[in-house]
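Read through the structure below, which is laid out as structure tokens, and then see the notes.
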Amino acid sequence: MAAEGGGKEMNEIKTQFTTREGVYKLLTHSEYSRPNRVPFNSQGSNPVKVSFVNVNDQSGNGDRICFNVGRELYFYIYKGVRKAADLSKPIDKRIYKGTQPTCHDFNHLTATAESVSLLVGFSAGQVQLIDPIKKETSKLFNEERLIDKSRVTCVKWVPGSESLFLVSHASGNMYLYNVEHTCGTTAPHYQLLKQGENYSVHTCKSKSTRNPLLKWTVGEGALNEFAFSPDGKFLACVSQDGFLRVFNFDAVELHGTMKSYFGGLLCVCWSPDGKYIVAGGEDDLVTVWSFLDCRVIARGHGHKSWVSVVAFDHYTTSVEESDPMEFSGSDEDFQDQMIHFGRDRANSTQSRLSKRNSTDSRPVSVTYRFGSVGQDTQLCLWDLTEDILFPHLPLSRTRTHTNVMNATSPPAGSGGGIGSGIMDSAIATGVSKFATLSLHDRKERHHEKDHKRNHSMGHISSKSSDKLNLLTKTKTDPAKTLGTLLCPRMEDVPLLEPLICKKIAHERLTVLIFLEDCLVTACQEGFICTWARPGKVVSSF
């Protein structure tokens, strides 16, 4: 990406940015924060997090936002691009003593205009179930900290369930709870259910059913984040030991693993169709992993510090089919997943992606959009294109050049049909705007200048790597020494460059959420910002 100015100009905070679909604009009137709008002194505090839910009320203003700042938790009507935020009227506000909120999640299945179920995890290990509309606190889990004494790192409702939820901790343990069951007055006793390389799962041994239903011990060090696949069947976990581990959630089996280039992995997300996983962390990279092939297919370099959040944009991810009538399947197959995406456009994208994957031989053009934010206060947007996704498909016509340079495979092309036409026109108008891949000479420069930590792979013993490779189901040849399938060398996979990389805050960024008409970011000072998508600015503030 070409540098845009230098010196002082580079440190200015951006209020808009341009991509191929148009201009994204920061809506200053739609900023959410503590009511006094004073920047929060974030030293020693847990990251600011944001959760959304739609309660489907009759006014057409059904979006609700929850966010934590320090010891405080706020619940507001979210007006997005439509109207200015009124911070003087939170629906609910809570201030906690002796512990801080660390994460939260709404149950989208049960949400109504009269009642919502919100789970809140805390720094001392407890999990609270509250209803911020009724202003009720219904239950407290791990109240006496008999189950786990460490900080809650992530909490999520199990997709499709009104009562099951999963909680991960800094201890590296993860617990499955049922809101209907109690936690008991004594420490739980466990019985081994399943064990594998660097993970084990235990059931709770008790005469009567109690929480937790299951205890997962995953990797070494903190389990920093987990994410369910769109169909709810698989679970991706990232840990401080630098590993992404993907499990079949119901079968409690390991599907595949990946190792960061350096340090711990901090964040993870799934593509709308569940075919790709993106992880980010302390190596300053975003890493794209193929769920089907169980291997790294690309890395992205744009951040100058740790990557704190990665997220796919379901509304900009696009699929173009050469002949839609040739595709099999129906939208009925995807009704169960509608709660995860909530909007028609996201669902249609997901359906088309799933159809595309059911008939791989069909010509198709696909672009996945995802974003990342980091401790460097920068927002990066990335496009994952068919050059990367289908590197071995034959070209449908003669191509003069492509911008994929891969040390382990020949130059890649498009999937054919309409796809190649789109790619040809993109190349004609400037390929970097479309595929965001670095050319070979730039990749070499990045490799030499920005990644002098190659030796950091040395601490992974070949013995443990071999064991892990046995557990990783792959369709390619067995990995080699340092450049294993778990962690390929930098030059062995394509290096993505960001579409845009903009400094948008004074403090480290902790939130990135893509909504239908905007994207939402937040920083550690406690400011939640709304960026209107192109053409979505409402002028009647």
Side-chain angles (χ1 to χ4, degrees), residues 51-56 62-64 66 103-121 127 129-131 138-139 141 154-168 174-181 193-194 201 203 209 211-216 225-237 245-253 255 268-277 291 311-312 314 329-355 357-358 513-516:
S51 296
F52 283 101
V53 68
N54 189 289
V55 299
N56 299 312
D63 289 328
R64 302 290 182 266
C66 170
C103 50
H104 29 85
D105 190 44
F106 287 106
N107 192 319
H108 296 264
L109 272 183
T110 60
T112 67
E114 293 76 40
S115 174
V116 293
S117 295
L118 177 68
L119 291 167
V120 185
V127 178
L129 175 63
I130 65 177
D131 187 332
S138 55
K139 288 191 177 174
F141 302 91
C154 188
V155 60
K156 284 188 180 359
W157 292 95
V158 174
S161 175
E162 296 185 3
S163 57
L164 297 176
F165 65 92
L166 196 61
V167 183
S168 62
M174 190 164 54
Y175 303 90
L176 179 67
Y177 288 83
N178 187 323
V179 293
E180 306 299 332
H181 299 157
L193 176 68
K194 192 162 288 190
V201 183
T203 56
T209 307
N211 284 318
L213 303 178
L214 291 178
K215 172 187 176 182
W216 298 61
E225 191 174 51
F226 62 84
F228 284 99
S229 60
D231 62 7
K233 294 178 181 177
F234 290 86
L235 183 72
C237 306
R245 295 177 177 89
V246 182
F247 296 95
N248 182 315
F249 184 63
D250 291 332
V252 197
E253 290 178 347
H255 170 79
V268 65
C269 65
W270 291 80
S271 63
D273 57 357
K275 296 294 185 280
Y276 302 97
I277 294 172
F291 175 81
F312 273 86
H314 298 167
S330 70
D331 284 343
E332 292 173 12
D333 301 333
F334 311 106
Q335 292 302 312
D336 292 342
Q337 298 172 28
M338 288 187 76
I339 55 166
H340 305 296
F341 301 106
R343 313 279 188 185
D344 291 342
R345 184 171 175 189
N347 281 311
S348 63
T349 297
Q350 181 202 10
S351 300
R352 285 179 290 154
L353 285 168
S354 297
K355 289 178 187 177
N357 283 295
S358 68
I513 299 171
F514 291 97
L515 302 178
E516 185 175 25

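This structure is a prediction, so every number in the text was calculated from the model and none was measured.
Side-chain contact between V252 and D250: absent, with no pair of heavy atoms (C-beta onward) separated by less than 4.5 Å. Annotation: side chain of L119 is not in contact with side chain of V167 (no heavy-atom distance under 4.5 Å). With a 4.5 Å cut-off on side-chain heavy atoms, V120 and I130 count as touching. A heavy-atom distance below 4.5 Å is found between the side chains of N178 and L213. In this structure, the side chains of V55 and T112 stay at 4.5 Å or more apart for every pair of heavy atoms. The shortest distance between side-chain heavy atoms of C66 and L118 falls below 4.5 Å. F165 places none of its side-chain heavy atoms less than 4.5 Å from the side chain of L176. Using a 4.5 Å cut-off on side-chain heavy atoms (C-beta onward), V116 and T110 make no contact.
Residues satisfying the side-chain contact (heavy atoms from CB on, under 4.5 Å) test with D105, not counting sequence neighbours, are K156, W157. Scanning for ring pair (Phe, Tyr, Trp, His ring centres under 6.0 Å) contacts around Y175 gives H169, with sequence neighbours left out. Among residues two or more places apart in sequence or in another chain, the side-chain hydrogen bond (donor to acceptor under 3.5 Å, both in side chains) test is passed with S51 by H104. Taking the ring pair (Phe, Tyr, Trp, His ring centres under 6.0 Å) definition, one finds that F514 meets it with nothing, sequence neighbours left out. Qualifying ring pair (Phe, Tyr, Trp, His ring centres under 6.0 Å) partners for F226, counting only residues two or more places apart in sequence or in other chains: none. Checked against ring pair (Phe, Tyr, Trp, His ring centres under 6.0 Å), F234 has the following partners two or more places apart in sequence or in another chain: H255, F291.
Note that CG of N54 and CG of D63 are 4.5 Å apart. Values are rounded to the nearest 0.5 Å. Atoms CG and SG, on L166 and C237 in that order, are 7.5 Å from each other to the nearest 0.5 Å. Taking NZ of K275 as the reference point, atom CH2 of W270 lies at 9.5 Å (rounded to 0.5 Å). To the nearest 0.5 Å, atom NE2 of residue H181 and atom CZ of residue F141 are 10.0 Å apart. In this structure, the separation between CG on N56 and NE2 on H108 is 11.0 Å, given to the nearest 0.5 Å. To the nearest 0.5 angstrom, S229 atom OG is 8.0 Å from I277 atom CD1.
Counting only distance, with no hydrogens or angles, the side chain of E225 and the backbone of V268 share a donor-acceptor pair below 3.5 Å. N107 contributes a side-chain N or O that, together with a main-chain N or O of S161, makes up a donor-acceptor pair within less than 3.5 Å. Under the 3.5 Å distance criterion, the side-chain polar atoms of K139 are left unmatched by any main-chain donor or acceptor of V127.
Considering every non-hydrogen atom in both G121 and V155, the closest pair reads N-CG1, 4.2 Å. Smallest separation of non-hydrogen atoms from P230 and P272: CG-O, 3.4 Å. Taking each heavy atom of N248 and A251 in turn, the nearest pair found is OD1-N, 3.0 Å.
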Audit row: L235, M174, side-chain contact (heavy atoms from CB on, under 4.5 Å) steps and yes/no: CA-CA 12 Å; L235 183 72; M174 190 164 54; 3.7 Å; yes

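Ring centers of F106 and F52: at least 6.0 Å apart, outside the cut-off.
Within 6.0 Å of NZ in K233 there are 12 or fewer heavy atoms belonging to other residues, nucleotides or ligands.
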